[in-house]
Undergrad: 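Next up is a structure, given as structure tokens.
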Amino acid sequence: MKMSDRYSPGEVEQKLYERWEKNGYFSEDDKNDKYFSIVLPPPNITGSLHLGHALNHTIQDSLIRWKKMNGYRAVWLPGTDHAGIATQMQVEKALAKQKKTRQMIGREKFLEQVWEWKHKYGNQIVHQMKRLGSACDWNRHLFTLDDVSVKAVKKVFVHLYKKGWIYKGTRLVNWSPALSSAISDLEVEHKEVSSSLWYIRYYLEDKKNYLVIATTRPETLLADQALAVHPEDERYKEYHGKKVHLPLVNKLIPIITDSYVDKGFGTGALKITPAHDFNDYEIGKKHGLENFNILNIDGRLNENAGNYTGLKVAEARKKVVQDLEDQKLLEKIESYKHQVGFCSRSGSVVEPYLSEQWFVKMDQLAENGLKKVLQKETEFIPEYWLKTFEHWMNNIQDWCISRQLWWGHRIPCWTCSDCGEVTVCEEAVEKCNSCSSKNIKQDEDVLDTWFSSALWPMSTLGWPDKTVNQDNYPTSVLVTAPDILFFWVARMIMMSLEFQSQVPFRHVYLHGVVRDAQGRKMSKTLGNGEDPIDLIEEYGADALRLFLLDEHRMGQDIRFSRENLKTCRNFMNKIWNSARFVHQNFKMDLKKPQNDELSIMDQWILQKLQKTEKEVSKELHDYKFSSACTKLYRFAWLEFCDWYLEWVRSVLYGKVISENTEDNYTVWKAGEKPLENTEKLSVSYYVLCYTLNRLLRLLHPFIPFITEEIYQTWPIKDKESIMLDTYPGEDGHFLHSKTSKETQVEFIRDIVVAIRTLRGENNIKPSAQIDVELYLEDVKDLEKITQTIKGSISNIFFLEKLNSLKIVDQINPKPSAIMNLSPDVKIIIPLEGLVDLASEKKRLEKQIKKCEENLNKLQNQITSFSEKVPERVRKDKKDQAESLRNSLKSLHSSLERFNK
RNA sequence: UGGGACAUAGCUCAGUUGGUUAGAGUGCUACCUUGACAUGGUAGAGGUCGGCGGUUCAAAUCCGCCUGUCCCAACCA
């Protein structure tokens with residue numbers, strides 16, 4: 001098998017995804033009896049994949065793949081949302097290009113066109129999800145206007161209506177003039193705006209005195225019904241019960257008193273506009289004022305506005321201010337910053353508007369929902385979201401669910417034009433229940449898109465056609481960004497409790513937002529977005545996934561960084577090439593070695609592997625994707641590739657080393673002949689394959705494509721796909737040896753690193769073959785150390801280009817580079833003839849300085865110890881100090897040799 | 001205004017119940033194209049752990065206050 005020296009994701013991703021899907025790996029494996037399920041937050045059919053989706057989907061996909069490998073009957077249920085407003089706007093925009101409006105073509109025709117649009121463009125995001133590798137069970141894809149969803153919506157609506165929890169009422173609602181529709185509180189985005197505070201004179205009936213009020217919306221005075229002052233406000237006591245002239249309008253309005261008024265703000269007098277302000281509405285109700293409406297559904301002033309009829313709000317404001325000025329009714333204008341509500345869908349300024357709408361009564365639903373969540377039936381991760389959730393549930397408002405749109409679930413309510421009877425019913429109504437008249441009409445409005453979304457966990461599992469599979473319900477975890485905690489998560493919880501008598505999911509994992517490199521939110525207006533598909537094409541899906549997971553610390557936002565994405569791409573190449581190494585260099589048969597055949601380095605990597613497996617499993621259980629990925633990344637690169645694989649290379653390419661005794665010292669010398677140690681090689685090859693195989697499986701949930709591609713070519717594999725193999729960590733392990741070889745390996749690594757450091761800092765040519773001495777202070781260590789390094793001599797020679805290695809008990813009197821491995825053991829490289837000696841001197845001086853600093857710090861600590869310090873710590877610190885003192889001593893003596 | 005989060009190397013972040021010489025990646029510097037990989041390797045420089053105070057023998061870690069950044073929730077016209 002030939003492998004290219006670069007991993008090319010483009011060549012393998014599509015092919016592998018198609019195979020997975022064709023072979024049915026994404027469906028529930030009914031051989032397993034432990035269930036795990038996730039419902040996908042359904043993306044809008046108008047949407048295209050952005051990095052937020054990519055993060056959201058990668059997390060879910062990793063969980064699903066992990067659980068599948070872990071022996072679960074895991075399924076990820078996908079779907080798409082009809083997205084009432086967004087989709088309707090798309091089609092209306094297209095119509096506008098032909099100079100048409102939806103009203104011109106009529107409801108039926110319009111809906112036909114929306115469906116057409118949906119069939120043409122609505123699946124784009126699904127195709128994009130596949131590029132990312134998402135292991136969704138596409139056979140069970142649900143659209144929120146599919147039959148089941150429609151049935152669920154009707155059933156719920158009728159049930160809640162009969163219970164009295166859905167009602168119709170005329171209320172002041174948030175109105176989007178651009179959409180000509182009501183929107184819910186949650187769809188209003190508050191932004192700070194620089195505006196003005198206009199001070200306006202309201203003359204009293206006698207036209208002599210006047211009151212001044214301050215307002216941010218002067219045009220609403222046309223609908224004023226009263227002025228209000230605080231009953232205790234001394235300044236205005238004489239005016240109680242009097243009337244004032246409403247400026248620009250030939251009308252007298254009363255001065256009322258209400259303790260709502262803040263004496264300290266503005267002038268302490270407040271104009272009351274019940275039909276156009278939420279607070280004024282409440283005050284108006286209390287005082288029996290008329291709800292005088294001056295707005296049309298499109299945000300223009302209506303015929304109640306007299307001269308201003310037909311103007312847009314902003315235009316009316318200008319004209320009103322101008323007219324006030326002309327009539328000398330404007331006291332002053334102050335610049336003022338305040339919060340203004342914007343429609344999150346259309347971006348237009350939201351106007352409070354009086355209209356008849358449908359509402360869901362939320363108090364009881366919220367109480368039940370909060371109770372279960374506080375009982376931990378559903379857990380939020382990270383936990384701090386619980387507080388925010390609790391606050392919202394305790395302050396919940398009734399939910400305005402009707403929208404004046406056409407695309408969506410039409411409200412299942414019919415009114416008889418003859419007798420006025422209202423029928424709310426799941427089936428289409430043909431004639432009036434009460435008078436049998438056929439002259440009946442269905443409510444024109446559709447439901448808020450979130451109404452069907454609220455039923456999502458139930459409808460994806462087939463409800464109400466089927467009862468939900470209790471083994472699969474509650475679903476295991478919901479993964480989402482916190483911005484829709486209330487829109488969606490809270491409502492699903494409430495609805496599920498009402499209709500399934502249990503919460504819809506056990507866990508809610510709330511992840512952060514992907515920001516740009518400067519930490520700003522990615523947005524179309526800023527143009528700082530990154531298209532995940534472009535990134536996949538440039539770096540590969542696996543690289544993007546690993547980037548997102550690795551950067552994603554629990555609950556924290558991610559900063560996009562092309563550099564870090566590149567690093568992830570490089571990681572793929574590293575893994576790819578480690579597999580390539582295996583393929584290129586070994587042809588022998590695999591035989592599982594016995595424990596006593598393993599070299600210390602073999603044992604070391606197996607122990608590191610075992611440790612990594614344990615840790616990764618734990619991190620995944622805790623939703624700590626970043627630590628899991630970071631641990632795997634480090635194991636794979638730093639331990640497996642940088643050390644173990646290099647070590648195996650040295651077994652492969654090492655030379656025969658001869659061992660002699662000269663002047664009572666043991667001396668090893670490099671020979672010419674290649675090592676050809678096939679036995680050793682065979683063992684290492686097995687360990688290499690075994691470790692890489694398990695590493696691939698460990699990595700698969702995060703980077704599915706490359707791991708499968710390599711797995712497919714692997715000499716030892718048990719399954720036809722890595723997806724069907726097991727996840728390492730919770731299964732057995734072939735190495736059971738309990739003896740730790742850790743210290744021995746560390747010792748050998750220390751030798752190698754010491755030689756490298758000395759070479760590096762003294763600028764010894766990398767190609768230079770060098771002689772090295774290993775100094776032992778204490779001869780009784782000789783046997784032990786010889787034993788330890790014996791099996792690794794040829795490796796050390798290969799890795800560090802040694803000419804000879806000599807064990808000595810006297811320090812070479814000539815200038816040498818020296819490094820302490822421990823107080824009693826030093827690595828010495830005689831420098832004569834190799835380099836300029838000044839650099840080693842400089843290095844020694846630096847070391848001495850650092851050593852002295854540390855020793856001082858320690859000394860201070862030790863002298864200030866009180867009796868309370870535990871013996872353990874006391875001894876630790878003493879040992880450290882002792883060790884530092886020894887190092888210092890030998891550093892000084894080394895330096896002296898340079899000064900001679 | 002209230003609630004929450006965060007503040008550690010130039011940048012992005014680890015640092016578990018207080019006790020390691022405070023770590024990693026990236027960037028930077030130097031050297032190296034050796035037989036998996038230059039999307040690579042080796043080594044090096046770089047931090048009063050936001051500030052002040054407290055608890056303690058000992059604080060990046062626990063407590064209080066302050067400063068700064070961000071998010072959420074809000075009816076102050």
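In what follows, chains carry the letters A, B, and so on, assigned in the order in which the sequence lines appear, proteins first and then strands, with residues in each chain numbered from 1. Basis for what follows: all heavy atoms, side chains included, without hydrogens, waters or symmetry-related copies.
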Undergrad: Are side-chain N/O atoms of A:His287 and A:Asp258 paired as donor and acceptor at under 3.5 Å?
TA: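 Yes, A:Asp258 and A:His287 have a side-chain donor paired with an acceptor closer than 3.5 Å.
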Undergrad: With a 6.0 Å cut-off on ring centres, are A:Phe625 and A:Tyr509 close enough?
TA: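 Between A:Tyr509 and A:Phe625, which both carry aromatic rings, the centre distance is below 6.0 Å.
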Undergrad: May I ask you to check whether over 12 heavy atoms, not counting those of A:Lys624, lie within 6.0 Å of atom NZ?
TA: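 No - once you tally the heavy atoms of other residues, nucleotides and ligands closer than 6.0 Å, there are 12 at most.
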Undergrad: Can you tell me how far C1' of B:U21 sits from NZ of A:Lys878, to the nearest Å?
TA: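 After rounding, the gap between these two atoms is 20 Å.
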Undergrad: In whole angstrom, what separates A:Leu758's CG from B:A43's P?
TA: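 Rounded to the whole Å, the gap is 12 Å.
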Undergrad: For A:Glu282, answer base if it contacts any base atom (sugar-phosphate contacts may also be present), sugar-phosphate if it contacts only those atoms, and nothing otherwise; contact means non-hydrogen atoms under 4.0 Å.
TA: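 Nothing: the residue A:Glu282, judged by heavy atoms under 4.0 Å, touches no strand.
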Undergrad: Calculate the interatomic distance between A:Glu800 atom CD and B:U42 atom C1'; express it in whole Å.
TA: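 After rounding, the reported distance stands at 9 Å.
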Undergrad: What does nucleotides 22-27 of chain B look like as a protein-contact string, B for base, S for sugar-phosphate only, - for none, at under 4.0 angstrom between heavy atoms?
TA: --SSS-
Undergrad: Which range-with-range stems can be found for RNA chain B when each stem has 3 or more Watson-Crick or G-U pairs in a row and both distances sit under 3.5 Å?
TA: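 Stem segments, range with range: B:1-7 with B:67-73, B:10-13 with B:23-26, B:28-32 with B:40-44, B:50-54 with B:62-66.
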Undergrad: Which whole-number value in Å describes the distance from A:Asp550 CG to B:U12 P?
TA: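 Distance check: A:Asp550 CG to B:U12 P gives 16 Å.
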Undergrad: Does atom CD (A:Glu334) have a neighbourhood of more than 12 heavy atoms from anything else shown, all under 6.0 Å?
TA: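 Yes, CD of A:Glu334 has more than 12 neighbouring heavy atoms, counting only those of other groups under 6.0 Å.
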Undergrad: In whole angstrom, give the distance that lies between atom CZ of A:Arg171 and atom P of B:C75.
TA: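 After rounding, the gap between these two atoms is 15 Å.
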Undergrad: Rounded to whole angstrom, note down the P distance from B:C6 over to B:U16.
TA: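 To the nearest whole Å, 13 Å.
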Undergrad: Rounding to the closest angstrom, what is the interatomic distance between B:G15 and B:U39 at atom P?
TA: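 Straight-line distance between the two P atoms is 32 Å.
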Undergrad: Determine the interatomic distance between P on B:C75 and the same-named atom on B:U17; round to the nearest Å.
TA: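 Each nucleotide's P atom is 39 Å from the other's.
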Undergrad: State which of B:U42, B:C13, B:C75 makes the closest approach to the side chain of A:Arg756.
TA: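 The answer is B:U42, which lies nearest to the side chain.
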Undergrad: Minimum heavy-atom separation for A:Cys641 to A:Ser578, with atom names?
TA: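 For A:Cys641 and A:Ser578, the tightest heavy-atom pair comes out as SG-CB, 4.0 Å.
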Undergrad: Categorize A:Ser561 for me: base, sugar-phosphate, or nothing, with a 4.0 angstrom heavy-atom threshold over every strand shown.
TA: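 The residue A:Ser561 makes no contact with any strand.
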Undergrad: What is the minimum heavy-atom distance between A:Ile764 and A:Leu758, and which atoms define it?
TA: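 In terms of heavy atoms, the two residues are closest at CD1-O, 4.3 Å.
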Undergrad: With C1' as the reference atom in both, quote the distance from B:G18 to B:G27 in angstrom, rounded to an integer.
TA: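 Going atom to atom, C1' in each nucleotide, I get 33 Å.
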Undergrad: Please give the distance between the P atoms of B:A22 and B:A9 as a whole number of Å.
TA: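 Between the two P atoms, the distance is 15 Å.
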Undergrad: Any side-chain donor-acceptor pair under 3.5 Å between A:Lys608 and A:Thr691?
TA: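 On atom types as modelled, these side chains do not qualify, holding no pair under 3.5 Å.
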Undergrad: Applying a 4.0 Å non-hydrogen cut-off, can you work out what A:Arg6 is touching in the nucleic acid: base, sugar-phosphate, or nothing?
TA: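 The residue A:Arg6 makes base contact.
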Undergrad: Could you measure between the two P atoms, the one in B:G10 and the one in B:U29, and give it in whole Å?
TA: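 Nearest-Å result for B:G10 against B:U29 at atom P: 16 Å.
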Undergrad: Is there a side-chain polar atom (N or O) of A:Arg559 under 4.0 Å from OP1 or OP2 of B:U12?
TA: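 Answer yes for this pair, as a side-chain N or O of A:Arg559 is under 4.0 Å from OP1 or OP2.
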Undergrad: Would you find a donor on one side and an acceptor on the other, under 3.5 Å apart, between the side chain of A:Gln225 and the backbone of A:Ala223?
TA: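 At least one qualifying donor-acceptor pair exists.
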Undergrad: Can you label the angle between the A:Phe389 ring and the A:Phe486 ring as parallel, tilted or perpendicular, going by 30° and 60°?
TA: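 Parallel: the ring planes of A:Phe389 and A:Phe486 meet at under 30°.
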Undergrad: In terms of the nearest nucleotide of RNA chain B, which residue is placed more toward the 5' end: A:Phe486 or A:Arg580?
TA: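 Looking at the nearest nucleotide for each, A:Arg580 comes out on the 5' side.
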Undergrad: For A:Phe380 and B:A5, give me the distance from atom CZ to atom C1', rounded to whole Å.
TA: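 Atom CZ in A:Phe380 sits about 17 Å away from atom C1' in B:A5.
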Undergrad: Touch check for A:Asp642, heavy atoms < 4.0 angstrom, all strands: base, sugar-phosphate only, or nothing?
TA: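 Touches sugar-phosphate only.
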Undergrad: Looking only at the side chain of A:Asn570 (C-beta and beyond, no hydrogens), which of the listed nucleotides B:C72, B:G40, B:A5 gets closest?
TA: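 Looking only at heavy atoms from C-beta outward on A:Asn570, the closest nucleotide is B:G40.
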Undergrad: Sticking with atom C1', work out how far B:U61 lies from B:G50, rounded to a whole angstrom.
TA: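 These two C1' atoms come out 16 Å apart once rounded.
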Undergrad: Distance from A:Arg634 atom CZ to A:Asp642 atom CG, nearest 0.5 Å?
TA: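 That separation rounds to 13.0 Å.
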Undergrad: Under 4.0 Å, heavy atoms only, any strand: does A:Ile558 hit a base, just the sugar-phosphate, or nothing?
TA: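 Nothing, no heavy atom under 4.0 Å.
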Undergrad: Looking only at the aromatic ring of each residue, does the gap between the centers of A:Trp175 and A:Tyr353 stay below 6.0 angstrom?
TA: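 Judged by ring-centre distance (under 6.0 Å), A:Tyr353 and A:Trp175 do meet the cut-off.
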Undergrad: Between A:Phe547 and A:Tyr539, is the gap from one ring center to the other below 6.0 Å?
TA: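 No, they do not, as the ring centres are separated by 6.0 Å or more.
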Undergrad: In this structure, how many angstroms lie between the P atom of B:A5 and the NE2 atom of A:His391, rounded?
TA: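 Distance, rounded to whole Å: 15 Å.
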Undergrad: Quick one: which of B:C71, B:U39, B:U12 gets closest to the side chain of A:Arg515?
TA: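 Of B:C71, B:U39, B:U12, B:C71 is nearest to the side chain of A:Arg515.
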Undergrad: Got A:Asp557 and A:Val514 here, is their nearest side-chain heavy-atom distance under 4.5 Å?
TA: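 SC-SC contact between A:Asp557 and A:Val514 ruled out.
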Undergrad: Show me the protein contacts with nucleotides 29-35 of chain B, counting only N or O atoms at under 3.5 Å.
TA:
unit_1 : atom_1 : unit_2   : atom_2 : d
B:U34  : O2     : A:Lys801 : NZ     : 3.3
B:G35  : O2'    : A:Tyr653 : OH     : 2.3

Undergrad: For the pair A:Ser626 (side chain) and A:Asp550 (backbone), establish whether a donor and an acceptor sit closer than 3.5 Å, ignoring hydrogens and angles.
TA: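 Answer holds: yes.
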Undergrad: Nearest-Å distance, CZ (A:Arg759) to C1' (B:G44)?
TA: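 Nearest whole value for this atom pair: 17 Å.
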Undergrad: On a whole-Å scale, what distance lies between the C1' atoms belonging to B:G46 and B:U26?
TA: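 Those two atoms are separated by 14 Å.
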